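Here is the naming used below: chain letters follow the sequence lines, and residue numbers restart at 1 for every chain. This structure is a prediction, so every number in the text was calculated from the model and none was measured. Computation of the quantities below employed the complete heavy-atom set of this structure, encompassing side-chain atoms and omitting hydrogens, waters and symmetry-equivalent molecules.
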Number of protein chains: 2
Amino acid sequence: MRATGNEGSLAQAVIRRFNLLRPLSEEAVAALEQAILEGLFRAGPGEDLVVEGDPVDSVRVVLSGWLFRHKTLEDGRRQIVNFILPGETCDAYAYLLPAIDHSITTATPVAYAEIKRSRFEKLMASDRTLAEAFLCETALNNAIQREWAINLGRRAALEKVAHLFCEIYERLRPVGLIDGNSCGFPVTQMDLADATGLSVVHLNRTIQELRAAGLITLRDRMLTIPDLDALKSAALFSPGYLQLYSKG
Amino acid sequence: MRATGNEGSLAQAVIRRFNLLRPLSEEAVAALEQAILEGLFRAGPGEDLVVEGDPVDSVRVVLSGWLFRHKTLEDGRRQIVNFILPGETCDAYAYLLPAIDHSITTATPVAYAEIKRSRFEKLMASDRTLAEAFLCETALNNAIQREWAINLGRRAALEKVAHLFCEIYERLRPVGLIDGNSCGFPVTQMDLADATGLSVVHLNRTIQELRAAGLITLRDRMLTIPDLDALKSAALFSPGYLQLYSKG
DNA sequence: CGCTCGGTTGACCGGACTCAAATCCTGTGG
DNA sequence: CCACAGGATTTGAGTCCGGTCAACCGAGCG
């Protein structure tokens, strides 16, 4: 759906985050803002923005709302391979491959900007800092994906869930979505199960274990972490792979 | 170790594979070959090329031999998050981040080319097809990493191992390392266990199961797949995510 | 010859899964 | 305002896949 409201301020999250990745020149900020405003869209929850196998011809930047990337096996088993949070990019450079390998679905109402390939390439050519920011975004995304591999392959259930909470929390921080020691967390337990490779039932029990240990509160789509260090330690979380954010 | 022998021909695997990713202009091929020849190195098995936390200041391209990317938890649990095979790139754009999030270790003797960042950036600026090829490499790498997520999170032990065999096999094909229905497979069962998120003991039993089913032969560092379709079907392997290779 | 490393086997255990049902919540229509 | 439907969360019981621990074998090597 083409967006019609006045959401100029939404671009701020993207700009702020990109500036942490790579300090942008003034011209870069202006150009990016302009490109975003030209291609504003909105989507409701549960909509597929991209489906596995589609060709992709644009780059999308998320202004608000949560999405996730996921893949499904023939028999229906599903894995959420990552979340996409406000300020993050959906698929820089995905247009270079003939088809995309995974689907992207909204978890909440979402506002995003769509930049057509040709427009995007002109942008990249026009400003070096901007080009580097998008490359950083891709490299960072890659690093996060690797951390998910060890999360899925080697951590125990409680550690997996705790780790996911820590990561999301830290990724929300630079875009100003942390409020005190809480943040919105608009994801069902089924999604959480598919993101951690657990069954819904076991995920539920694991969450209760985290609650019982006083490590988190999760209620009404709101996550509270009373003692972040304690949760990180329970998760064996080491923030190195998100390092870019720590500068902010 | 700086390489001294005459390995000009080694660059061919890289060129051939890159040409599949993105057809290179003649000048691009020449420039890339030149850059490779300028920075040839060799390493023995079990050497760390990069260690988690290091800053990276160059791009490496593998000419021969296998390596793997891995991460380790405080308590020693290890996850191999990917293999790096001949013709593949170690860490394009990793220099944009202040430190690398994972280690890279050789599994066999390896020949590789190291291209310093400044040299690499000049190369990228000089030829568009070359720049796109490296971007493709990064995007593809990202897609593979996502497939590993579903492998680790949602497939059963036998499927995991079968899937890994299928993927490696298909990745070796474009660089001409498949011979009949066999390929070299210079990896210990411990490494395979860490790549699939299984224990060594269970991995061993899973391999025996695959052998008993007639799906593979694995002996003397040599993998034979008598019926690739059968193995793919046991693995729930769908090659879409490696699509670039299928064109070759 | 003895050591080490990789592969193999056996016995046992337990974490996570499955199946099934109950409860809670929310939005909707009467 | 209430009844109801559908989805999300929770609980219980039983099972099994994959982990752990421990021992043994075989090949290469100093």
Requested in this report: Quickly work out the B:R211 CZ to C:dT9 P distance and round it to whole Å.
Outcome: 9 Å
Requested in this report: Starting from P on D:dT9, measure out to CE on A:M190 and report it in whole angstrom.
Outcome: 10 Å
Query raised in the report: At under 4.0 Å between heavy atoms, what does A:R77 touch on the DNA or RNA strands: base, sugar-phosphate, or nothing?
Result: nothing
**Report entry** Interatomic distance, B:E209 CD vs C:dT8 P [rounded to whole Å]
**Finding:** 14 Å
Requested in this report: Assign the ring pair A:H163 / A:F237 to parallel, tilted or perpendicular, where the plane angle (0 to 90°) is split at 30° and 60°.
Outcome: tilted
Query raised in the report: Going through the checks in order, is the side-chain hydrogen bond (donor to acceptor under 3.5 Å, both in side chains) test met by B:D48 and B:S103?
Result: CA-CA 7 Å; B:D48 292 334; B:S103 303; over 6 Å; no
**Report entry** Atom pair distance, as rounded to whole Å: CG in B:L192 and C1' in C:dC5
**Finding:** 16 Å
Query raised in the report: Where is the tightest heavy-atom contact between B:L152 and A:G153, given as atom of each residue plus distance?
Result: CD2-CA, 4.1 Å
Any protein N or O atoms within reach of nucleotides 12-18 of chain C? Criterion: under 3.5 Å, listing atom names and distances.
from, atom 1, to, atom 2, distance (Å)
C:dA16, OP1, A:A157, N, 3.1
C:dA16, OP2, A:H202, NE2, 3.3
C:dC17, OP1, A:S199, N, 3.2
C:dC17, OP2, A:S199, N, 3.2
C:dC17, OP2, A:S199, OG, 3.1

Query raised in the report: B:N204 side chain N/O closer than 4.0 Å to the phosphate oxygens (OP1, OP2) of C:dT8?
Result: yes
Query - A:H102 vs A:I104 side-chain heavy atoms within contact, under 4.5 Å - result: yes
Requested in this report: Can you label the angle between the B:F165 ring and the B:F185 ring as parallel, tilted or perpendicular, going by 30° and 60°?
Outcome: perpendicular
Query raised in the report: Can you find a side chain N or O atom of B:Q208 that sits less than 4.0 Å from OP1 or OP2 on C:dG7?
Result: no
Report task. Determine, for B:D194 against B:R77, whether the closest basic-nitrogen to carboxylate-oxygen distance falls under 4.0 angstrom. Result -> no
Report task. Check whether any side-chain N or O of A:R221 sits under 4.0 Å from OP1 or OP2 of D:dT9, and answer yes or no. Result -> yes
Query raised in the report: Could you give the NZ-to-P distance, from B:K160 to D:dC17, as a whole number of Å?
Result: 14 Å
Report task. Please collect all ring pair (Phe, Tyr, Trp, His ring centres under 6.0 Å) contacts where either partner lies in residues 203-222 of chain B, sequence neighbours excluded, each pair once. Result -> none
Query raised in the report: Looking at A:R205 and A:E209, does any basic side-chain N land under 4.0 Å from a carboxylate oxygen?
Result: no
Write down the protein N/O and nucleotide N/O pairs, taken from nucleotides 24-30 of chain D, whose separation is under 3.5 Å; answer none if there are no such pairs.
none

Query - Protein-nucleotide distance (A:Q189, atom CD; C:dC24, atom P), rounded to Å - result: 15 Å
Query raised in the report: So, B:T108 side chain and B:W66 main chain: donor-acceptor pair closer than 3.5 Å or not?
Result: yes
Query raised in the report: Once you round it to whole Å, what is the distance between P of C:dG6 and CG of B:D191?
Result: 8 Å
**Report entry** Euclidean distance, atom CG of residue B:D75 to atom P of D:dT20 [Å, nearest integer]
**Finding:** 11 Å
